[in-house]
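The first residue of the sequence shown is numbered 1, and numbering continues consecutively from there. Just so we're clear, the structure is a prediction, and the values are computed from it rather than from any experiment.
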Amino acid sequence: MSGDIKAQALDIQFLVDYQQNTVVSREVIKKELGTVTFFAFDQGQGLSEHSAPFDAMVQVIDGEAEITISGKKHTVKAGEMIIMPANEPHALQAENSPYKMILTMIKSD
């Protein structure tokens, strides 16, 4: 998608839609130094623990996410954000409600 977005205002609530029993993603920017991806997690869905060589910022735009970073659980609600440091194990889960988020990853040195 990164090639087809022009200079225009977009309603971020509608860049991805919820789908039953799944996680939906839509990459809007992909560059060598990082990416911006929109996600929609149905309730009960998530991403298992993993790590990445990028610093990452999660901005929740709808619902509530349970994000575990290095074993510590964080509840992040719509309008809030959290930083996931590079190479730290993390997992994301839609435990209490479906949620949408923006994931911005920046390559670390």
Side-chain angles (χ1 to χ4, degrees):
M1 162 151 203
S2 59
D4 65 354
I5 288 188
K6 305 298 180 219
Q8 62 179 324
L10 300 169
D11 189 331
I12 60 175
Q13 290 287 339
F14 301 109
L15 285 178
V16 289
D17 292 320
Y18 293 112
Q19 292 184 19
Q20 188 173 5
N21 300 318
T22 194
V23 176
V24 178
S25 66
R26 183 175 185 183
E27 192 171 70
V28 293
I29 297 173
K30 182 177 183 177
K31 302 288 182 183
E32 184 177 335
L33 295 178
T35 61
V36 176
T37 307
F38 287 73
F39 285 87
F41 291 75
D42 194 20
Q43 187 170 356
Q45 300 300 305
L47 298 177
S48 59
E49 187 175 73
H50 62 283
S51 61
F54 296 92
D55 288 319
M57 179 176 70
V58 170
Q59 298 168 271
V60 176
I61 57 174
D62 184 44
E64 177 180 291
E66 298 296 333
I67 301 176
T68 304
I69 303 170
S70 296
K72 184 175 180 188
K73 191 178 213 178
H74 305 270
T75 300
V76 186
K77 299 177 183 176
E80 297 179 340
M81 58 164 281
I82 192 166
I83 302 295
M84 299 185 302
N87 303 310
E88 294 286 329
H90 55 271
L92 300 93
Q93 186 70 31
E95 289 186 13
N96 300 316
S97 69
Y99 73 93
K100 292 182 182 181
M101 69 177 219
I102 303 168
L103 174 66
T104 304
M105 295 197 309
I106 307 296
K107 188 175 184 178
S108 295
D109 293 332

**Student:** Thr37 and side chain to side chain contact (heavy atoms under 4.5 Å, CB included): which single residue from Met101, Glu27, Lys30 fits?
**Tutor:**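 Single side chain to side chain contact (heavy atoms under 4.5 Å, CB included) partner of Thr37 among Met101, Glu27, Lys30: Glu27.
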**Student:** Taking atom types as modelled, find out whether Glu88 and Ser70 have a side-chain donor-acceptor pair closer than 3.5 angstrom.
**Tutor:**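 The criterion, which ignores hydrogens and geometry beyond distance, is satisfied for Ser70 and Glu88.
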**Student:** Which heavy atom of Glu32 sits nearest a heavy atom of Lys107, and at what distance?
**Tutor:**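 Nearest heavy atoms, Glu32 then Lys107: O-CD, 4.1 Å.
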**Student:** Counting N and O atoms only, with roles assigned by atom type, does the side chain of Glu80 sit under 3.5 Å from a partner on the main chain of Lys77, one being a donor and the other an acceptor?
**Tutor:**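 Between the backbone of Lys77 and the side chain of Glu80 there is a qualifying donor-acceptor contact (under 3.5 Å).
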**Student:** Please report the interatomic distance CD(Gln59) to CD1(Ile82), rounded to the nearest 0.5 Å.
**Tutor:**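 Rounded to the nearest 0.5 Å, the CD-CD1 separation comes to 12.5 Å.
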**Student:** Applying the 4.5 Å side-chain criterion to the ILVMFWY set and letting contacts propagate, would Ile29 and Val16 be lumped into a single cluster?
**Tutor:**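 Result: yes, single cluster for both.
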**Student:** Output the distance between atom CG (Leu92) and atom CD (Glu66), rounded to the nearest 0.5 Å.
**Tutor:**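 Between Leu92 CG and Glu66 CD, I get 10.5 Å after rounding to 0.5 Å.
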**Student:** To the nearest 0.5 Å, what is the distance between CG on Asp42 and CG on Asp17?
**Tutor:**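 Between atom CG of Asp42 and atom CG of Asp17 there are 12.0 Å.
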**Student:** Rounded at 0.5 Å granularity, tell me how far CE in Met57 sits from OG1 in Thr104.
**Tutor:**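 If we round to the nearest 0.5 Å, Met57:CE and Thr104:OG1 are 4.5 Å apart.
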**Student:** When clusters are formed by joining ILVMFWY residues with side-chain heavy atoms under 4.5 Å apart, either directly or through shared neighbours, do Val23 and Met84 land in the same one?
**Tutor:**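 In one cluster with Val23: Met84, yes.
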**Student:** With distance as the sole test, does Asp55 use its side chain to make a donor-acceptor pair with the main-chain N or O of Ala86 at under 3.5 Å?
**Tutor:**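 Yes; at least one donor-acceptor contact below 3.5 Å.
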**Student:** What pair of heavy atoms forms the shortest contact from Glu64 to Ser97, and how long is it?
**Tutor:**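 Heavy-atom minimum between the residues: N-OG, 3.3 Å.
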**Student:** Ala91 and Ser48: which non-hydrogen atoms are nearest, and at how many Å?
**Tutor:**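 Closest pair (atom of Ala91, atom of Ser48, distance): CB-C, 4.0 Å.
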**Student:** Okay, side chain of Gln93, backbone of Leu47: is any donor-acceptor separation there less than 3.5 Å?
**Tutor:**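 No, the answer is negative, given that no donor and acceptor are paired below the 3.5 Å cut-off.
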**Student:** With rounding to the nearest 0.5 Å, note down the distance linking CD1 in Ile61 to CD1 in Ile12.
**Tutor:**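 If I round to the nearest 0.5 Å, the distance is 4.5 Å.
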**Student:** How are the rings of Phe41 and Tyr99 set to each other: parallel, tilted or perpendicular (split at 30° and 60°)?
**Tutor:**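 The rings of Phe41 and Tyr99 lie parallel, inter-plane angle below 30°.
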**Student:** Taking the six-membered ring of Phe38, is the NZ or CZ of Lys100 close enough (under 6.0 Å from the centre) and on axis enough (within 45°)?
**Tutor:**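 Negative - Lys100 is either too far from the ring of Phe38 or too far off its axis.
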**Student:** Distance from Thr22 atom OG1 to Gln45 atom CD, nearest 0.5 Å?
**Tutor:**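 CD of Gln45 is found 6.0 Å from OG1 of Thr22.
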